[in-house]
Amino acid sequence: MPVKELPKGYNPAEVEDKWYELWLQAGIFTPEFSPDEDSQKPTYSIVIPPPNVTGSLHMGHALNATIQDILSRWKRMGGFRVLWLPGTDHAGIATQNVVERQLAGEGLDRYKLGRKEFIERVWLWKEEYGGRIIHQLKKLGASCDWTRERFTMDEGLSKAVGEVFVSLFDRGLIYRALRLINWCPRCYTALSDLEVEHEEVHGKLTYIRYPLEDKSSYIVVATTRPETMLGDTAVCVHPQDGRYINIVGKNAILPLVNRLIPVITDKTVDPSFGTGSVKVTPSHDFNDEAIAKRQDPPLPFITVIGDDGKMTQEAGRSFAGLDRYECRKKVVEALKERGLIEKIVDHKHSVGHCYRCKTVIEPLATTQWYVNVAEMAANALNVVKDGRIRIIPDGWKNSYYSWMENIRDWCISRQIWWGHRIPVWYCPDCVMENGVLQGEYIYHIFFAKTRGYYEGTYAALKEAGFTHDEILSKSKTIKVGINVVPFILNNSNNVNGVCPKCGSSHIMQDPDVLDTWFSSSLWPFSTLGWPENTKDLKDFYPTGTLVTAFDILFFWVARMIMMGMEFMKEIPFKDVYIHAIVRDAKGDKMSKSKGNVVDPLILIDKYGTDAFRFTLAAFAAQGRDIRFAEDRVEGYRHFVNKLWNATRFIHMNIADFAELDLKTIEEINTEVETIEKTHLNITDRWILDRLAETAEVANNALEDYRFNDAASVIYQFIWHEFCDWYIELSKTSLSCNKKELALWTKRCLLYVLDNTLRLLHPFMPFVTEELWNTLPHKNKFIMETNYPKVLGRDHYAQRKMNYLIDVISGVRNIRGELNISPTKKLCSLIKTLTRECENCLTENKDYIINIAKLEKLDIAADVDKPKGAAVSIKPELEVFVPLAGIFNVKDEADRIEKELNKTEELIKNLDKKLLNEDFLGRAPKAVVDKEKAKYEELIEKQQKLIENLSKMKELQE
RNA sequence: AGGCGCGUAGCUCAGUGGUGGAGCGCUACCUUGACACGGUAGAGGUCAGGGGUUCGAUACCCCUCGCGCCUACCA
């Protein structure tokens with residue numbers, strides 16, 4: 001093996017980009033990398049949770065991607081043909097917001113640009129900035145197959161969206177309905193229930209008197225939103241509420257508006273809240289809407305707040321045009337003037353906010369598209385219940401169940417432009433059953449006043465001389481009445497299509513686009529080529545594991561399961577691994593507005609990707625959030641450096657062994673694995689055993705998605721067994737005059753190093769690749785090798801090695817506690833209590849002498865403790881270090897006394913236990929035996945300590 | 001309101017029905033020929049509090065307190 005000279009420390013910056021580039025060039029991330037072998041392999045696939053194309057990498061992404069990369073690399077090394085498919089999400093509302101902000105900077109808005117041009121602008125933006133997060137994932141070392149990168153607005157994925165929409169539409173599972181929805185007046189669109197974030201706010205509860213029509217009295221209602229009273233159409237009490245029994249059925253006079261509204265009953269009213277009587281505003285409150293619909297006949301809906309968050313004409317002259325909050329003040333003032341405010345009290349309640357812009361949501365009656373999810377949800381529930389899909393950790397299953405059991409139809413239309421446009425058309429020229437043109441129910445609002453017109457029905461505008469194309473091109477908003485019949489064109493891209501019913505060519509497409517999550521719900525199969533029957537689909541669907549955080553369990557995971565079952569008739573993934581949310585060190589969620597975000601790229605810059613990734617893995621305990629602490633990253637950077645230097649040591653110490661020249665690491669591995677164990681020295685055998693156990697534990701942990709356990713067992717092995725013990729001991733092995741033995745130690749060093757690098761590679765791809773490539777090898781990249789798995793255990797070596805460790809740590813302990821300089825050479829005598837122990841120590845005397853810094857070592861069964869010696873008591877041996885003249889007698893006496901106290905404490909506890917009849921009778925025999933053995937050992941130790949202590953005391957006198 | 005989770009060394013966190021663990025920090029000694037991004041030794045915890053189950057509880061059950069999150073039609 002040629003001599004390698006490594007620099008003294010590891011410099012990630014010099015290494016990372018180089019390897020990533022080489023990996024890409026070689027195509028090692030694609031499942032086609034080695035086609036011959038690959039055809040035999042089982043497949044394993046992961047689809048990335050597509051980050052928003054507007055996004056930049058945050059800690060959550062970093063954790064998410066690190067876990068997927070660990071799985072991908074581990075599975076590749078485990079003999080799977082792996083596809084990790086990357087991509088991004090078009091993030092309708094978010095992206096549109098970003099581009100609109102950009103336009104505003106130029107004094108433009110989307111209406112001035114027009115729909116087509118606006119969308120072109122978004123694509124331009126996407127081409128320029130949308131690749132940022134992809135670039136950042138590469139910095140993280142993500143082994144995605146970039147040749148298969150997808151975007152939810154790609155042609156293929158759009159085709160899938162269209163196919164799914166049409167299929168559900170044809171089966172009546174997609175429908176239009178007029179109901180209250182969550183409306184964001186700033187984003188100017190409907191939102192699904194999930195996209196609303198509820199937040200506690202400190203508000204006011206206003207008690208308002210509504211006079212009764214007969215002037216006999218008034219009824220007091222309590223509200224948090226006084227401005228909505230303008231749209232009240234009833235007052236409601238609980239049917240059994242005695243206080244109101246006499247006025248139910250009467251009318252109240254709605255103040256400020258002077259509308260007569262009935263006092264009605266509904267069981268949902270809570271008599272104990274407020275006055276027990278509630279104002280009913282069907283158009284602006286979900287609860288009130290439900291009450292209104294339960295009445296027979298239903299209560300009228302009066303919309304007093306518009307889609308811009310301002311009061312409508314219906315709100316009356318004094319309030320129309322006011323912002324809803326402005327109006328709230330004005331209404332309260334007006335009521336006060338009339339003496340109709342009974343009181344106003346502080347009130348904490350939760351209010352819905354837009355998840356994209358945090359504006360307070362307005363419930364608004366609009367016509368929207370919905371998916372009927374009842375049946376799909378039931379299927380999606382079953383596949384988790386019957387275990388076809390596992391959720392890990394399974395604590396999340398209950399959340400999943402309760403959501404799926406209470407699921408409501410999914411509002412999928414959004415009043416924005418960026419996204420998949422709903423592939424549905426309307427014909428204004430068709431005549432409806434009532435003899436009216438559909439065009440009478442299609443309402444256009446222009447973005448600018450044109451020839452005196454600002455808005456109007458399609459029919460009216462046509463009448464006024466506008467052409468079809470003009471109407472469409474000038475429309476800012478198109479509201480299509482619920483009674484207008486939608487249809488699908490055979491080819492939904494065929495803009496020149498005609499109405500299938502009347503043949504009119506004046507048809508128009510639905511103006512809305514689909515919820516972004518609609519396209520993401522198809523991700524596991526649309527990215528693999530569906531609706532085409534592709535080879536990828538056959539090879540990689542269903543995928544193996546979905547890795548995500550719980551916050552999109554419903555948004556995304558549940559919907560993927562629904563859609564997968566519906567269109568593939570098969571689960572989209574076998575395991576769902578839910579990882580933690582990364583918080584700051586105080587436990588707060590990281591957010592830009594709080595200014596507590598930690599930028600992963602800065603950490604990568606500072607500590608290197610490997611240290612950063614390892615930190616995330618080490619933190620990734622199941623079922624718990626991560627409080628990110630930067631000093632952990634620093635700690636693991638030191639670990640990387642430690643590994644680097646271990647390799648450096650090995651290179652420096654194998655140079656003069658010409659026998660191993662020209663051998664590859666693979667050949668050396670074979671030699672180590674096939675050699676009869678008895679040819680190896682005890683330290684070699686011991687480290688091989690430790691390695692075997694480490695590999696075993698690491699594999700089991702990865703199998704169970706316990707990334708932190710895998711990381712820490714590898715860490716402990718490398719630092720505290722391989723480096724602290726084995727490498728130190730190997731210095732003695734290597735200087736051994738039996739050349740053949742030394743040669744085996746050299747092989748073992750290389751063997752353990754190689755295995756260690758492979759074990760660590762999924763966690764730390766860069767440094768392991770760099771170091772592994774300093775070894776002569778057959779394959780080109782470390783990821784082409786196998787993940788260490790079944791290596792032989794060696795319990796015999798374990799037991800023998802413990803004798804050495806006992807002696808060495810005994811001497812070290814004496815040295816440390818008595819404050820004897822590490823450079824001071826000492827003498828030591830070992831009294832052995834068993835033959836096995838004596839033989840083992842004698843055989844391996846040199847290790848002890850070197851590592852414990854001794855100048856003389858005697859081992860025998862009949863050693864007498866020298867006068868004035870420090871002592872260390874171990875199970876099968878006693879260590880004496882004569883220190884007459886060197887040490888302070890009192891210090892050693894104190895030391896022994898401390899040890900004695902500790903021992904006696906343990907004996908006391910055990911004593912209690914062993915005197916307990918119940919314990920002896922009921923505890924398992926193995927436990928009792930173990931405790932008894934321990935007890936005897938401790939008693940023996942205690943006696944020896946007492947003996948030694950008295951000798952010390954004699955010396956002191 | 002309901003549900004879930006958490007409370008373990010100064011800090012950040014693992015963990016387990018049978019003598020309390022890691023990293024960082026701290027103390028002492030050491031520039032030993034892989035590494036001071038290092039080595040050796042050490043200090044430090046009634047495992048939130050109370051009750052129960054058990055021969056035995058930090059771990060399992062119940063309650064209390066504190067913190068966090070999710071869900072809900074809290075007018």
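By convention in this document, chain letters (A, B, ...) are assigned in the order of the sequence lines, proteins followed by strands, and residues within each chain are numbered from 1.
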Quiz item: Between A:F550 and A:G395, who's closer to the 5' end of RNA chain B by nearest nucleotide?
Solution: A:G395
Quiz item: So which one's nearest nucleotide on RNA chain B is more toward 5', A:K853 or A:P271?
Solution: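 The residue closer to the strand's 5' end, by nearest nucleotide, is A:K853.
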Rounded to the Å, how far apart are [X] [atom1] and [N] [atom2]?
X	N	atom1	atom2	value
A:I808	B:A41	CD1	P	11 Å
A:K912	B:G56	NZ	C1'	11 Å
A:L734	B:A34	CG	C1'	12 Å
A:N645	B:C35	CG	C1'	4 Å
A:I727	B:G33	CD1	C1'	14 Å
A:I578	B:C4	CD1	C1'	14 Å
A:I219	B:A75	CD1	C1'	13 Å
A:D394	B:G3	CG	P	19 Å

Say we look at [N] and [M]: how far apart would their [atom1] atoms be, to the nearest angstrom?
N	M	atom1	value
B:A59	B:G21	C1'	14 Å
B:C29	B:G68	C1'	44 Å
B:C26	B:G10	P	15 Å
B:G66	B:U54	P	31 Å
B:C67	B:U19	C1'	32 Å
B:G17	B:C60	C1'	8 Å
B:U12	B:A48	P	15 Å
B:G44	B:G2	C1'	42 Å

Quiz item: Could you walk me through whether A:F612 and A:Y607 pass the ring-ring contact (aromatic ring centres under 6.0 Å, His included) check?
Solution: CA-CA 7 Å; A:F612 175 60; A:Y607 303 105; 9.0 Å; no
Self-check item: Partner of A:Y244 under side chain to side chain contact (heavy atoms under 4.5 Å, CB included), chosen from A:V235, A:T265, A:T275, A:V263
Solution: A:T275
Self-check item: side chain to side chain contact (heavy atoms under 4.5 Å, CB included), paired with A:K941, selected from A:L906, A:T903, A:I907
Solution: A:T903
With a non-hydrogen cut-off below 4.0 angstrom, is [X] in contact with a base, only sugar-phosphate, or nothing?
X	result
A:F619	sugar-phosphate
A:R706	nothing
A:A290	nothing
A:E197	nothing
A:S712	nothing
A:S277	base
A:S399	nothing
A:S350	base
A:C723	base
A:F273	base
A:D724	sugar-phosphate
A:V269	base

According to the interplanar angle, ranging from 0 to 90°, do the rings of [X] and [Y] count as parallel (below 30°), tilted (30 to 60°) or perpendicular (above 60°)?
X	Y	value
A:Y715	A:Y636	perpendicular
A:Y355	A:F555	parallel
A:W644	A:Y10	tilted

Quiz item: Can any side-chain N or O of A:N11 pair as donor or acceptor with the backbone N or O of A:A13 at less than 3.5 Å?
Solution: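 Between the backbone of A:A13 and the side chain of A:N11 there is a qualifying donor-acceptor contact (under 3.5 Å).
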Self-check item: Main-chain N/O of A:R225 paired with A:T223 side-chain donor or acceptor, under 3.5 Å
Solution: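 The answer is yes, because a donor-acceptor pair under 3.5 Å joins these two groups.
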Considering every strand shown, what is the Watson-Crick or G-U wobble mate of [N] when both distances are under 3.5 Å?
N	result
B:U31	none
B:G5	B:C67
B:U12	B:A22
B:C60	B:G52

Quiz prompt | Contact pattern, 5' to 3', of nucleotides 16-29 of chain B - B, S or - by protein heavy atom under 4.0 Å | solution = --BB--SSS---SS
Any side-chain N or O of [X] less than 4.0 Å from the OP1 or OP2 oxygen of [N]?
X	N	result
A:N813	B:G42	yes
A:K731	B:A34	yes
A:H347	B:C74	no
A:R812	B:C30	no

Self-check item: base_contact_polar (B:C37 base, A:K642 side chain, donor-acceptor, <3.5 Å)
Solution: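 Answer is no: no donor-acceptor pair is held.
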Self-check item: Ring centre gap for A:F273 and A:H349 strictly below 6.0 Å
Solution: no
Exercise. Could you tell me the separation between the CD1 atom of A:I849 and the CG atom of A:L826, rounded to the nearest 0.5 Å?
Key: 12.5 Å
Self-check item: Cation-pi geometry met for A:R613 and A:F763 (6.0 Å, 45°)
Solution: no
Exercise. Measure from the side chain of A:N287, starting at C-beta and using heavy atoms only, and say which of B:G42, B:C73, B:A34 lies closest.
Key: B:C73
